[in-house]
Amino acid sequence: MSSLDYFVLIGTIVGIALYGMWRTRGARDLSTYLKGDQTAKWGTIGLSVMATQASAITFLSTPGQGYDSGLGFVQNYFGMPFALILIAAVFLPIYRRLNVYTAYEFLGRRFDGKTRMLGAALFLLQRGLAAGITIYAPAIILSTVLGWRLDLTIVLSGLVVIAYTVSGGTKAVSITQKHQMAVIFGGMVAAFVVLLMRMPSDLGLADTFTVAGALGKMQAVDFSMDPDRRYTVWTGLFGGVFLSLSYFGTDQSQVQRYISGASLRESRLGLMFNAVFKIPMQFFILLLGALVFVFYQFEKPPVFFNAPAWEAHVQGEAGPSLRALEEQFGAVHSEKQSRIRDWLDARRAGNAAAEAAARDAMLAAHERSEALRADTKKALVAADPTLTPKDSDYVFITFVLKYLPHGAIGLLIAVIIAAALSSIASELNALATTTTVDFYKHLRGDAPVDDAHELRLSRWFTAGWGVIAIAFALFANLVENLIEAINMLGSIFYGVVLGIFLVAFFLRRVGGTAVFWGAITAQILVLACFFTLSIGYLWYNLIGCAACVALSLGLQPFVTEK
Amino acid sequence: MAAERARAETDAHTGLPWPRTWRGVYCFVLGCFATSVLLLTALTLLFA
């Protein structure tokens, strides 16, 4: 990075932090701090909902997912349009009519205090942990770019987020997210254009897709019924609809975004904006990753994308063996490049026999190159057992740093960090709101209200959740691909929370005690399944939700409601 | 009461030139989804 990149990076980060603080300087009462002033239009709501979900992780991890596994991850979002329609038609009018601060307040009114607190506690548990992963994502960038220690980077960036979040409120989150999304779209398009410009001149777009497809990166849909497959049309539709319904309908970090709309109409249109554009957007980001993969077939990639880890170990005892692996990888990569060109030439010549032979040779070279990458990872883990071998989260940032022009690098990294800060701010804001409204205010009951005291307290809750998120972020490098980790974590808890809400909305004869014990039993069942079965994690949304609804119905005849 | 009724009427319409009803908006969203899945299937069949 040049001094121009650092200037752009620091200027943007500090500018956004100051802008957020300046715009929220008037928030002196609890309602405005937690709920905003309810004037947001559908465009602001739509972009804010999108920005809350699409943080730095979307930019870092999703292209890595496209590079590693291809386009199949897009199926994860197939349930989303159905879920958003249901939320817009059923959930949203009720939230607005009851004028609630949090989704869990509705549970208190429909059932009782203990069910409200159970729903809120499940949200705090999973969102508190997910906030840790959200802090971890920008820390990867800083550690890669600046060569800092990852743990130190997590703590420092986390502290910046806490300072920014404590001073900002819900309104600031929505306003800044609108601008951030515009810059994010701009950054994605810029990266896409640079990628296409840097592809070999004789390689058209169709050839690029053909190479990606031949090497297993273009399977966007999979109709297989195998339950062990992580992403299929069916997991996306059935598991995804439950995940989306739960995330958008019951997760306070999202509910807080759309209940701040000026009217029901604005909130509904904001949700429908996401229902239309989310799948194309995710496809585009995954395609970016698949294209980076093709780009690296014609440009030598690093054998391991986590550059600081590689540099640290190549200087150590394992250095000679790692260097040898790197050399072998370089040789195999050159051979693979020739085989790909042979295959493309055979295709263009229309020679079926030569094409089949060249294809086999290309795939064999690809397998050897992947095997060498696997061997390198094994060697690195042998040298340092604490090292995470999965390097897909480093793929896109490595490309950005090496191939984007100066100035654009700084801006793109600033965009990623700013998006991350805003997303974390949104999460911490929701965590603090739930702690304040569903625990503190709820447990205080009818005691006299001191608004200034409660505003101060909710700021302390925000800071406290920030510290917990930092602590979890320090362990986040133990998990798999970041975007998967967040969805996996959500899938463990979301199904049961959704089950509670579905009972609340649609099963009027079930009371609070039945749903409370039904939910606890269902959550234990989901955890038992998670630790013993190997099914795709999206199914846990369905299992948790179905178990909670069935157990609530089954228990209802045997419990006495007070 | 009058304000409530006015708000309910405002909420019943989308305020868009098309579609004017929420049912129409939901059908449009589902149509976009079906188109996305068809295009992704075509992409898979062509290149995967």
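Throughout, a chain's letter reflects where its sequence line sits, starting with A, and its residues are numbered from 1. Keep in mind it's a predicted model, so treat the numbers as computed, not measured. Below, each value reflects all heavy atoms present in this structure, side chains not excepted, and no hydrogens, waters or symmetry copies.
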Looking at side-chain heavy atoms only, is the closest gap between [X] and [Y] below 4.5 Å?
X: Leu86(A); Y: Tyr26(B); value: no
X: Val233(A); Y: Val37(B); value: no
X: Ile85(A); Y: Leu30(B); value: yes
X: Leu84(A); Y: Val29(B); value: no
X: Phe283(A); Y: Leu39(B); value: no
X: Leu40(B); Y: Phe78(A); value: yes

Side chain, backbone, both or neither: which part of [X] has an atom under 4.5 Å from a heavy atom of chain B?
X: Leu215(A); result: neither
X: Val74(A); result: side chain
X: Ala212(A); result: neither
X: Ile279(A); result: side chain

Do other residues, nucleotides or ligands put more than 12 heavy atoms under 6.0 Å from the [atom1] atom of [X]?
X: Arg109(A); atom1: CZ; value: yes
X: Phe284(A); atom1: CZ; value: yes
X: Arg348(A); atom1: CZ; value: yes

Of all of [options], which one pairs up most often with chain B through heavy atoms under 4.5 Å apart?
options: Pro280(A), Gly216(A), Ala89(A), Pro93(A); result: Ala89(A)
options: Thr210(A), Asp222(A), Leu71(A), Val211(A); result: Thr210(A)
options: Ala214(A), Gly70(A), Ala88(A); result: Ala88(A)
options: Lys217(A), Gln75(A), Met272(A), Arg268(A); result: Arg268(A)
options: Gln219(A), Met218(A), Met80(A), Glu266(A); result: Met218(A)

So which heavy atom on His13(B) is nearest to which on Arg265(A), and how close? O-CD, 3.8 Å

Which atom of Val221(A) lies closest to which atom of Thr44(B), heavy atoms considered: N-OG1, 3.2 Å

Structural part of Thr41(B) lying under 4.5 Å from a heavy atom of chain A: both

